[in-house]
Amino acid sequence: MKLNIQNTFTSELPADSNPENYTRQVENACYSLATPITTKAPKLLHVNKDVANDLGFSKDDITSKEFENLITGNSIYTNTEPYAMCYGGHQFGNWAGQLGDGRAINLFQVKTDKSYTLQLKGAGKTPYSRTADGLAVLRSSIREYLCAEAMYHLGVPTTRSLSLALSGDEVLRDVLYNGNPAYEPGAIVCRIAESFIRFGNFQIFASRNDKTTLAALMNYTIRHHFPHLEENNKDDYAKLFQEIVNATLKMIVHWQRVGFVHGVMNTDNMSVLGLTIDYGPYGWLDNYDPDWTPNTTDRQNRRYRYGQQPNIGLWNLYQLANTFYTLTEDAAPLEKALNSYKTQFEEQNLAMMCAKIGIQTINKQDYILIQSLETNLKLIETDMTIFFRLLATANNIEDCIEAFYIPEQLTGEVLTEWQAWFDQYHTRLESEEISKNERIKKMNAVNPKYVLRNYMSQLAIEAAEKGDYNLINELYDLVQNPYEEQPKYQKWFAKRPDWAKSKVGCSMLSCSS
Ligand code: AMP
Ligand code: MG
């Protein structure tokens with residue numbers, strides 16, 4: 001195994017001076033050293049061969065014991081020192097103070113055409129573990145492993161998965177936080193990203209008025225991720241903020257396009273590169289319902305519901321703007337960037353929705369057509385993914401009948417509303433110059449045929465908990481080509497089955513993972 005290690009994060013940024021691994025507040029440092037624990041019986045369940053290859057692992061490497069030990073934290077790569085990052089965050093609207101990598105341990109950075117950090121999730125405690133155990137269970141690890149890849153192939157910016165392994169240890173979890181803890185199989189995901197820096201990595205230093213470390217981290221971010229900007233330059237710090245605004249918005253518009261609900265958009269879960277990060281109680285819209293959130297911990301306020309994600313993105317950016325202000329001391333450019341989020345959102349969301357319905361030449365009036373579509377989608381339970389996929393070739397609403405959960409409800413006023421919408425829609429399409437075939441092709445490239453519905457992961461989890469990992473392999477294979485027709489997987493182009501409607505793990509997920 002020969003990797004091109006280049007650890008810039010640990011070599012260029014201030015470290016915690018205390019090498020011990022116990023829970024504490026860590027000041028004036030971007031990270032603390034933390035060694036993964038040894039697990040009882042590590043067992044590799046899945047490797048992402050493409051990612052492994054990109055990182056420089058050979059075919060032989062990924063079948064070796066050495067690799068299994070590496071991605072479960074049982075051995076440390078030569079001359080590297082694993083570490084946990086210090087960050088804070090606003091959780092559910094409130095400042096939560098220091099959080100940090102409580103159960104994520106960064107192994108090292110590998111330099112290929114780009115630089116990637118390898119990070120283990122669930123490999124034991126760090127100085128940021130607070131009262132928790134630093135571990136992860138199989139069900140949440142399968143969900144993270146598969147979903148990151150599903151998102152990647154959908155074209156959504158995201159962290160990626162390298163491997164999924166069992167630790168061989170048992171982990172105690174109270175899934176619904178209702179006083180019923182039980183042991184579950186422990187697991188470790190190795191995930192990769194060009195950077196795992198979150199809004200909260202900046203926020204923690206501003207909250208402590210530690211401008212020195214804040215500037216160091218901001219300069220580091222510029223140097224490695226936004227090299228066209230200048231370090232130690234207040235104007236360029238503001239430009240960096242604008243870039244983060246743009247990247248965040250772009251990511252969220254993709255989420256809205258594919259019907260992904262993150263579930264925990266706390267500022268510690270927001271990447272400064274605009275990557276989808278921390279797959280916890282996320283979910284996919286089955287029936288189109290902007291008020292839906294998978295996260296039972298958020299059931300009362302539904303702060304992180306699907307339709308609210310763009311606004312929460314902006315709220316989070318306001319918090320980050322306050323952090324940037326600590327260094328720039330000039331609010332105007334930061335406010336300008338925040339205002340641009342609103343105008344850009346209007347534009348990009350309209351463009352995205354127009355693309356979903358196959359309109360190429362966007363005109364401002366199209367938002368009316370889109371608004372009435374969104375209203376109609378809520379009239380009776382309508383599957384978002386199936387509806388948009390069928391729309392490409394539909395001549396009328398009856399051609400989309402498969403998208404309705406109770407097709408018999410398509411009568412009376414509901415039917416009239418839909419017929420009226422199709423009339424307007426087809427009139428609008430007539431003013432387009434593109435051919436029908438070309439339009440269908442373009443629509444199929446933005447409306448996925450296959451998404452990783454909540455119940456699908458749940459089936460893979462239930463099988464895996466019984467020792468059968470075939471469905472993990474099948475779903476992994478399926479999500480590689482979400483926009484293609486895959487006749488052998490036609491069964492996954494289906495509405496959520498009734499049993500999954502209110503089942504724990506399908507439509508109800510907690511933060512317990
Ligand atoms: P999350 O909501 O999963 O993004 O986690 C919020 C914070 O809690 C982060 O600082 C995590 O590192 C930490 N955390 C979550 N689960 C655990 C765990 N089992 N052990 C230690 N820290 C955890
Ligand atoms: Mg997190």
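Order of appearance sets the numbers: ligands from 1, and atoms from 1 within every ligand.
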Query raised in the report: Which protein heavy atom lies closest to atom 13 (C) of ligand 1, and at what distance to 0.1 Å?
Result: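 Answer for atom 13 (C) of ligand 1: Arg130 NH2, 3.5 Å.
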
Query raised in the report: Which bit of Tyr87 gets closer than 4.0 Å to ligand 1, counting heavy atoms only: side chain, backbone, both or neither?
Result: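 Under 4.0 Å from ligand 1, Tyr87 contributes side-chain atoms alone.
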
Query raised in the report: Does ligand 1 have a heavy atom under 4.0 Å from the side chain of Leu99, from its backbone, from both, or from neither?
Result: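 Both the backbone and the side chain of Leu99 come within reach of ligand 1.
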
Requested in this report: Look at the N, O or S atoms of Asn266, main chain and side chain alike, and state whether any lies under 2.8 Å from the Mg ion (ligand 2).
Outcome: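 Checking Asn266: none of its N, O or S atoms is under 2.8 Å.
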
Query raised in the report: Does Asp268 put an N, O or S atom under 2.8 Å from the Mg ion (ligand 2)?
Result: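 So Asp268 does not count as coordinating the Mg ion (ligand 2).
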
Query raised in the report: Would you call Asp291-Arg305 a salt bridge at under 4.0 Å N-O?
Result: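 Counted as a salt bridge, because a side-chain N and a carboxylate O are separated by less than 4.0 Å.
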
Report task. State plainly whether the residues Asp101 and Lys125 are in salt-bridge range, i.e. N to O under 4.0 Å. Result ->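 No salt bridge links Asp101 with Lys125.
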
Requested in this report: Just go through Ala84, Ser512, Ala132, Gly88 and tell me whose heavy atom is the nearest to atom 18 (C) of ligand 1.
Outcome: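 Result: the heavy atom closest to atom 18 (C) of ligand 1 is in Ala132.
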
Report task. Test side chain to side chain contact (heavy atoms under 4.5 Å, CB included) on Tyr152 and Ser161 and set out the steps. Result -> CA-CA 10 Å; Tyr152 174 78; Ser161 311; over 6 Å; no

**Report entry** Polar contact flag for Gly100 and ligand 1 (N/O pairs, less than 3.5 Å)
**Finding:**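 Right, the criterion is met.
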
Query - Residue among Ile472, Val137, Leu471, Leu475 satisfying side chain to side chain contact (heavy atoms under 4.5 Å, CB included) with Ile142 - result: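 With Ile142 as partner, Ile472, Val137, Leu471, Leu475 yield a single side chain to side chain contact (heavy atoms under 4.5 Å, CB included), made by Ile472.
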
**Report entry** Straight-line distance of Ser140 OG to Tyr282 OH, nearest 0.5 Å
**Finding:**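 Ser140 atom OG to Tyr282 atom OH measures 9.5 Å (nearest 0.5 Å).
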
